[in-house]
Amino acid sequence: MMLKQNKHFLLFAVLVTFVLFFNLGAWGVAETSEARYAEISREMLLSNNYLYPKLLGVYHFHKPPVTYYLTVLGYQIFGINEFGARFFLQLAVVIQLLLVYKIVDLLYKNRKLALYAAICYFTIPIVLMAGRNLTTDIYLTTFIIAGVFHWLSYIHHKGNYHLYLYYLFMGISFETKGPVGLLFLLSFVIIYRTVLKERFKITMHHVLGFILFIVVGGLWYFLLIYNKPEVLDYFIIKQTVSRIASKSFHRDQPFWFYLPILLGVLFPYVISFFASGKKLWKINNRVDKVLLWNTVIIIVIFSSIVTKRIFYILPAFWMIAILIVRLLSFTSDRVIKAMKIAYISLILIYAMACVVLYFYKVETITIPLTQLVLVLIALILFLIVYFKFFKSVRKPGVVYGMGLFFFSMVLVSGTFFMKNNRDALNSFKPIVAFIEQQPADSDKKIFAFDFLINSIPFYTNSEFYTVNYLHDTVVREIEFQANDKYKNHLINVYLKSEADRFKELLDSGANYVLVKKKYGVYPPFNFIKEKLPHTKDFGKWVLYYN
């Protein structure tokens, strides 16, 4: 039986790996987050400077460097391209699925339950969204789950080396997103010990493990602070305290922010919570209680913090997936039927949307023929298999299978959508491609006017300038710059001298200025229109060129 479940997980892992890597480099890097991480990693690789991350030539210390290092490694293997940037993201998702499988098997001694938990986790859309978005979150989640797995292995007497691996992953998580990783790892240990009424016993292995955490987790910080002592205050006040207690990052949200997100991303599994959720609070299984209380406490803590983003609570969803599987194991046939109907509805709605948008054109959305054909073929196969084999089945496994089919279909066909919808994706790859197709010029210059665009240098070797006037995205943190070299490509045109320099730069060579259509060219800079008489519309943007 164990061998059979392992084979099923292996088949699942192979399918997921294919789905995640399929057509991975087809679409351009998306602004702002993915483009920012992709460009910082590119500059890091080209400069061979792994201590000081830079974005468009300006020091960028918002996050520790592990995400950049992994992206650089992807570039070294596959080249500086979209596939290289996203490769380790997909691998991280596959590793998470394996870890969820191993954790459930360790806690419940049930490989069928472990398989269902892994599938359920894959079919929670926030996980797939994070896997398609180059940020720290998917990597942080991987290191947290890995840390939990090794701590549980240590608790279950699998060897002291698991304790050292726990501290190692704690250190790596600290080098991925700072102190937030500690919250997830420490809370799990504390709640586990408390619920199971186990003593907090400290041994020499814990002391040595903690030293390992300090060395691994603090190495980059120690080196950076040693060379630039002023960043210590920046890390403590601006990047930690301000995110917790102030609105300085313009990401403040109400306390209830995560509630509708949870309801949305857990559909249709949320149906089981409404129908049978009371049973969770009456459970006698102490492991279930650990997962439940840990999830609740994590969500309450992050709801209390002023700054909120959807991916902040991503490292809690592996526990939510396990709780869903546990809940569905004793839910009623009526609930299973409702969830099957929900998935059928989602599949039909997605297919119908593709058909309608293909034949009835919408200005900002394009459904390519390849996507439409794939979706229709998948729909026909699904309907045949479902009505022949699974229509009358009322087992949770059918629900997980339907979820796996739906999200696999969306991921595979969605790659063609993202390739053909620059505006929806917020990608500048087609714009740069147009510029590169213009006649060659040794003095080709590209300007982003009053908006921070990170991805243009990713696609061109032409000189690229950021023109800063009024928009807050263009305000750079320049207090850590060692010299004024960054000014060569950051033009603060609210200063007359810099406005004159911008004007002079447009006097020679082939020039291209991107202006946000929403704002247009401000009157003081009408010389852009005079010097660059040609225009091309790119949806939200207008390109002026000579």
Side-chain angles (χ1 to χ4, degrees), residues 30 32-34 89 92-93 96-97 100 117 119-142 144-145 177 180-181 183-184 187-188 243-247 249-277 280-281 291-328 338-339 342-343 345-346 349-350 353 399-400 403-404 406-407 410-411 414 418 424-426:
T32 59
S33 295
E34 183 178 50
L89 279 176
V93 174
Q96 286 180 31
L97 297 173
V100 170
I119 298 175
C120 179
Y121 182 69
F122 179 76
T123 57
I124 297 176
I126 189 174
V127 177
L128 304 179
M129 290 164 58
R132 284 296 198 251
N133 190 31
L134 178 55
T135 65
T136 58
D137 300 287
I138 204 73
Y139 292 128
L140 176 68
T141 302
T142 305
I144 288 171
I145 301 176
K177 205 174 181 179
V180 67
L183 174 61
F184 289 93
S187 67
F188 186 89
R243 288 181 183 272
I244 294 173
S246 78
K247 301 179 180 180
F249 285 84
H250 307 292
R251 296 178 177 180
D252 53 299
Q253 299 290 347
F255 181 85
W256 47 263
F257 174 75
Y258 290 113
L259 181 59
I261 289 174
L262 287 167
L263 294 176
V265 300
L266 292 178
F267 184 82
Y269 296 121
V270 72
I271 295 172
S272 64
F273 283 96
F274 287 122
S276 311
L280 278 177
W281 298 101
L291 299 176
L292 179 60
W293 281 110
N294 205 6
T295 301
V296 170
I297 289 171
I298 287 294
I299 293 173
V300 169
I301 290 174
F302 278 92
S303 296
S304 303
I305 294 173
V306 173
T307 300
K308 298 180 181 69
R309 276 293 181 265
I310 181 174
F311 291 139
Y312 285 5
I313 60 172
L314 178 65
F317 276 88
W318 68 272
M319 295 181 290
I320 294 175
I322 297 172
L323 288 172
I324 289 171
V325 171
R326 291 286 291 162
L327 186 60
L328 286 182
M339 295 175 68
Y343 265 129
S345 300
L346 288 174
I349 289 171
Y350 180 70
V399 175
Y400 305 132
L404 179 60
F406 173 68
F407 285 105
V410 171
L411 284 176
M418 291 187 286
L425 186 63
N426 201 18

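Sequence positions, counted from 1, serve as the residue numbers for this chain. The structure displayed is predicted, hence computed values, not measured ones.
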| query | Partners of S303 by side chain to side chain contact (heavy atoms under 4.5 Å, CB included), sequence neighbours excluded? | reply |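 Counting only residues at least two positions away or on another chain, S303 forms a side chain to side chain contact (heavy atoms under 4.5 Å, CB included) with F255, Y258, I299.
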Next on the checklist: Taking side chain to side chain contact (heavy atoms under 4.5 Å, CB included) as the definition, give me every residue that meets it alongside F267, ordered by chain and number, with sequence neighbours left out.
Outcome noted: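 Here the qualifying residues are V270, I271, A342, L346.
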Pairwise distance [atom1]([X]) to [atom2]([Y]) - rounded to 0.5 angstrom:
X: L292; Y: I320; atom1: CG; atom2: CD1; value: 10.0 Å
X: L314; Y: L140; atom1: CG; atom2: CG; value: 8.0 Å
X: L411; Y: F406; atom1: CG; atom2: CZ; value: 9.5 Å
X: I261; Y: L266; atom1: CD1; atom2: CG; value: 11.0 Å

Is [Y] close to [X] at the side-chain level, that is, under 4.5 Å between some pair of heavy atoms?
X: I305; Y: Y312; value: no
X: I144; Y: F188; value: no
X: T295; Y: W318; value: no
X: I310; Y: M129; value: yes
X: L404; Y: Y400; value: no

Is there a side chain to side chain contact (heavy atoms under 4.5 Å, CB included) between L328 and M339? Walk through the geometry before answering.
CA-CA 11 Å; L328 286 182; M339 295 175 68; 3.6 Å; yes
For [X], check side chain to side chain donor-acceptor pair (under 3.5 Å) against everything at least two apart and list the hits.
X: Q96; result: Y121, T142
X: T123; result: Y269
X: Y350; result: Q371, S413
X: S187; result: N294

Holding to ring pair (Phe, Tyr, Trp, His ring centres under 6.0 Å), I want the full list of residues that pass it with F302, two or more places apart in sequence or in another chain.
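By the ring pair (Phe, Tyr, Trp, His ring centres under 6.0 Å) rule, F302 matches F184.
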Shortest non-hydrogen contact between [X] and [Y], atoms and distance:
X: I138; Y: G131; value: CD1-N, 4.0 Å
X: T135; Y: L89; value: O-CD2, 4.3 Å
X: L134; Y: Y139; value: CD1-CE1, 4.5 Å
X: F273; Y: I324; value: CE1-CG1, 3.5 Å

**Request:** Using the side chain to side chain contact (heavy atoms under 4.5 Å, CB included) rule, take L262 and I313 through it: C-alpha gap first, then chi angles, then the decisive distance, then the call.
**Result:** CA-CA 10 Å; L262 287 167; I313 60 172; 4.2 Å; yes
task: Write out all pairs satisfying salt bridge (Lys or Arg N to Asp or Glu O under 4.0 Å) with one or both partners inside residues 127-141, taking only residues at least two apart or from two chains.
output: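 Sorted pair list: D137-K177.
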